[in-house]
Amino acid sequence: DKIKVGLLFGGRSGEHEVSINSARSILQAFNYPENLDKYAVIPFYIDKNGCWHSAATARQILTSGQPLAIESNIKVNIWQFPPEVREMEVWFPILHGPNGEDGTLQGLLTLMRVAFVGSGVLGSCLGMDKIAMKTAFAAAGLPQVKYKAITRSQVWSNACVFPQLCDQIAEEIGYPCFIKPANLGSSVGISKARNRQELEAALDSAASYDRRIIVEAGVTAREIECAVLGNDNPQASLVGEITFDSDFYDYETKYTDGRSSMVIPANIPDKIANQVREMAVEAFKAVDAAGLSRVDFFYVEKTGEVLINEINTLPGFTNFSMYPQLWKATGLEFDKLVDKLVQLALERQET
Ligand code: ADP
Ligand code: MG
Ligand code: MG
């Protein structure tokens with residue numbers, strides 16, 4: 001009998017459209033002959049309100065590439081799952097950002113007592129919150145930029161506390177610095193501040209996205225990424241580099257065709273590449289990730305330093321995304337990668 005796989009995509013996050021594209025590529029991979037023999041895949045779509053839709057709607061969304069038009073913020077019964085949900089033996093969630101990559105969905109699937117691809121609750125939430133993530137990395141001895149954790153209430157406090165906060169940041173972190181909502185992705189809400197005025201605006205903007213905010217020292221560095229695959233004995237891929245000519249890898253640069261490119265393998269010394277691979281595996285273990293993660297680094301060429309930037313526990317997964325491309329270059333084709341991830345999910349549930 002074929003294994004029933006629920007391919008879950010969409011979701012209540014700014015990366016809804018990215019998720020649709022990732023799911024489309026994964027569905028195609030399940031149609032390769034060897035996967036077709038093993039798996040029966042049913043797509044499920046979560047709309048921007050958080051409602052689950054069954055296969056018919058999900059297939060339509062995958063074909064059109066367009067999110068379902070919905071009345072936003074209407075009160076919906078999110079507990080009304082399509083009946084086929086109960087038949088799934090393993091889930092392949094490919095939702096990016098909050099409500100998908102952050103442990104919430106992983107908690108639901110854990111309660112349902114069904115296997116799923118990717119990290120569990122702990123790995124997912126540590127991988128999503130940049131403050132918690134950095135704490136875990138620091139505990140594992142991984143080098144990273146200097147940072148400071150801040151809350152929205154500090155930013156939106158009275159006219160006396162806020163200037164003090166900015167003074168502290170200038171003193172402890174300095175300029176340029178990066179101001180980020182702690183729980184987002186795709187560079188949403190992230191700004192670079194070169195002076196006090198930009199810092200104030202950046203803090204206000206980040207506070208509009210998240211209660212938790214992180215301020216980091218800005219580095220001038222090349223951006224290197226490594227794919228990790230496995231459970232308790234994770235393996236690292238070749239490393240790749242993202243190149244672009246904007247000031248930093250912001251939302252527009254990420255999602256505008258031709259604004260950035262991937263170089264695989266990265267043109268860096270072997271010694272650095274090996275260090276990146278080792279650190280990627282350490283980072284994966286430090287947050288208790290499982291299945292897959294893409295680990296991103298800063299390579300400061302001038303000093304030869306490698307700093308960890310972040311881990312993404314459900315990275316972009318289209319045919320053209322860095323994660324599958326890195327594995328392809330390492331010798332694992334997209335369809336084999338998808339098969340391996342489902343097997344890792346099943347293996348994890350057994351133990
Ligand atoms: P996201 O999870 O949204 O991808 P990142 O922390 O990776 O957020 O930041 C997005 C981009 O911002 C990075 O790829 C990089 O170009 C730039 N950036 C972030 N932090 C720093 C930093 N401390 N120094 C230099 N550039 C940074
Ligand atoms: Mg990220
Ligand atoms: Mg990033």
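Order of appearance sets the numbers: ligands from 1, and atoms from 1 within every ligand. Residues: numbered from 1 along the sequence shown. Every heavy atom of this structure was used, including side-chain atoms; hydrogens, water molecules and symmetry mates were not.
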Numbering as shown, the atoms of ligand 1 that approach Lys254 to under 4.0 Å (heavy-atom distance): 1 (P), 3 (O), 4 (O)
Atom of Glu310 closest to the Mg ion (ligand 2), considering N, O or S atoms: OE1
Nearest-neighbour protein heavy atom for atom 22 (C) of ligand 1, which is reported as residue plus atom name and distance: Phe178 CD1, 3.4 Å
Heavy atom of Asn309, distance to ligand 1 below 4.0 Å: yes
Nearest protein heavy atom with distance in Å, relative to atom 13 (C) of ligand 1: Glu223 OE1, 3.5 Å
Backbone or side-chain N or O of Ala217 under 3.5 Å from ligand 1 N or O: yes
Protein contact of atom 12 (O) of ligand 1 - nearest heavy atom, named by residue and atom, plus distance: Phe248 CD1, 3.3 Å
Side chain, backbone, both or neither: the part of Tyr249 lying under 4.0 Å from ligand 1 by heavy atom: both
Under 2.8 Å: N/O/S of Asp296 next to the Mg ion (ligand 2): no
Taking atom 9 (O) of ligand 1 as the reference point, the nearest protein heavy atom with its distance: Ile190 CD1, 3.5 Å
Min side-chain heavy-atom separation Tyr175-Leu199 under 4.5 Å: yes
Nitrogen or oxygen atoms of Ser186 and ligand 1 under 3.5 Å apart: yes
Presence of salt bridge, Lys4 and Glu84, under 4.0 angstrom: no
Pro93 and Phe9, any side-chain heavy atoms less than 4.5 Å apart: no
Electrostatic pair Asp247-Lys192, nearest N-O below 4.0 angstrom: yes
Heavy-atom nearest neighbour of atom 10 (C) of ligand 1 within options Ser260, Gly218, Ser187, Ser246: Ser187
Heavy-atom donor-acceptor pair, Thr135 side chain to Ile131 backbone, under 3.5 Å: yes
Those atoms of ligand 1 less than 4.0 Å from some heavy atom in Gly185: 2 (O), 3 (O)
Phe44 ring center near Trp91 ring center (under 6.0 Å): yes
Phe317 vs Tyr323 side-chain heavy atoms within contact, under 4.5 Å: yes
Enumerated ligand 1 atoms positioned under 4.0 Å from heavy atoms of Lys130: 1 (P), 2 (O), 6 (O), 8 (O)
Lys328/Asp335 salt bridge by N-O under 4.0 Å criterion: no
Side-chain heavy-atom pair Arg222, Tyr299 within 4.5 angstrom cut-off: yes
Identified side-chain hydrogen bond (donor to acceptor under 3.5 Å, both in side chains) partner of Ser187 from the options Lys180, Glu252, Lys254: Lys254
Ser186 near the Mg ion (ligand 2) via N/O/S, less than 2.8 Å: no
Ligand 1 to Val219 polar contact by distance, N or O atoms, under 3.5 Å: yes
Ligand 1 contacted by Phe298 (non-hydrogen, < 4.0 Å): yes
Exam field: side chain Ser237 to backbone Cys226, donor-acceptor pair closer than 3.5 Å: no
Those atoms of ligand 1 less than 4.0 Å from some heavy atom in Lys180: 5 (P), 6 (O), 9 (O), 19 (C), 20 (N)
